[in-house]
Amino acid sequence: MTEIEAIGSRHSVRSYADKEIPQEIADRLQKEIDECNRQGSLNIQLVLNEPKAFDGFMAHYGKFSGVKNYIVLAGKKSPRLDERIGYYGEKIVLLAQTLGLNTCWVAMSFSKSRAKESCKLNKGERIVCVIALGYGVTQGTAHKSKPFESVCTVEGECPEWFKKGVEAALLAPTALNQQKFLITLKNGKASAKALPGFYSRVDLGIASYHFEIASGKGLINE
């Protein structure tokens with residue numbers, strides 16, 4: 001499965017089977033996490049066989065069950081931290097999908113204190129969110145997307161590469177399915193910005209990664 005195929009087939013999953021992640025798959029994930037941490041100056045950490053972060057009221061309220069593996073998305077506090085977390089976190093999510101795993105981005109429905117106990121944060125770092133990980137009871141369902149025209153503006157004709165990028169961005173998971181981002185094409189260059197919304201800068205990073213994979217072009221984020 002390619003990353004493009006993973007973008008189309010990956011859906012958020014909240015219920016997981018009692019099945020361990022094989023060591024060779026965990027190793028593949030860890031290798032990717034190490035590279036993302038290096039490239040993005042982040043402190044993303046893989047936590048396996050730890051069910052307590054998803055065993056409280058918030059997790060049950062969010063309808064999570066069977067979660068005992070997750071990825072902690074953390075880094076040093078900075079204006080662009082949320083965006084980098086989204087970008088590199090989604091890179092890991094798509095790899096997980098190609099490896100036969102299911103995932104779900106989680107901003108609030110987990111115990112942050114338990115997650116902190118299960119990872120190591122350096123001074124000045126914070127946990128932005130986590131990604132639930134494992135073998136889903138189902139493969140999830142597709143979310144409803146906004147119309148193409150509502151998330152982008154185009155100066156002149158719309159080239160095929162830009163169209164493919166925006167369509168992929170519309171498949172990106174976003175908090176509360178809000179899709180609070182705007183992608184603009186002007187003078188042949190694509191840029192994007194987050195609109196006001198819950199965790200919208202994380203969402204911008206996720207959507208940006210989708211756009212770049214599908215279009216083959218980089219985004220200038222505002």
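Hydrogens, waters and symmetry mates are skipped; everything else that's a heavy atom, side chains included, is used. For the single chain, residues carry numbers from 1 onward in sequence order. From a predicted model like this one, the values you see are computed outputs, not experimental measurements.
Under the side chain to side chain donor-acceptor pair (under 3.5 Å) criterion, Q178 pairs with D203, not counting sequence neighbours. When the side chain to side chain donor-acceptor pair (under 3.5 Å) test is applied to N43, the partners found at least two apart in sequence or on another chain are Q45, E125.
Salt-bridge annotation for D82 and R126: present, with a side-chain N of the basic residue lying under 4.0 Å from a carboxylate O of the acidic one. Ion pair E160/K163 not flagged as a salt bridge, since none of the NZ, NE, NH1 or NH2 atoms sits closer than 4.0 Å to an Asp/Glu carboxylate oxygen. With respect to the salt-bridge test (charged N to carboxylate O, under 4.0 angstrom), the residues E167 and K164 do not qualify.
Side-chain atoms of K180 and Y199, non-hydrogen and from C-beta on, never get closer than 4.5 Å to each other. The shortest distance between side-chain heavy atoms of R10 and P173 falls below 4.5 Å. Within the 4.5 Å cutoff, side-chain heavy atoms of V166 are placed close to those of F211.
Considering every non-hydrogen atom in both K63 and R14, the closest pair reads O-CB, 3.4 Å. For the pair Y16 and G66, the tightest heavy-atom approach, listed with the atom from each and the gap, is CB-O, 3.5 Å.
From L73, atom CG reaches atom SG of C36 across 10.0 Å, with rounding to the nearest 0.5 Å.
When each of V151, N221, I206 is checked for a side-chain contact (heavy atoms from CB on, under 4.5 Å) with F181, only V151 meets the rule.
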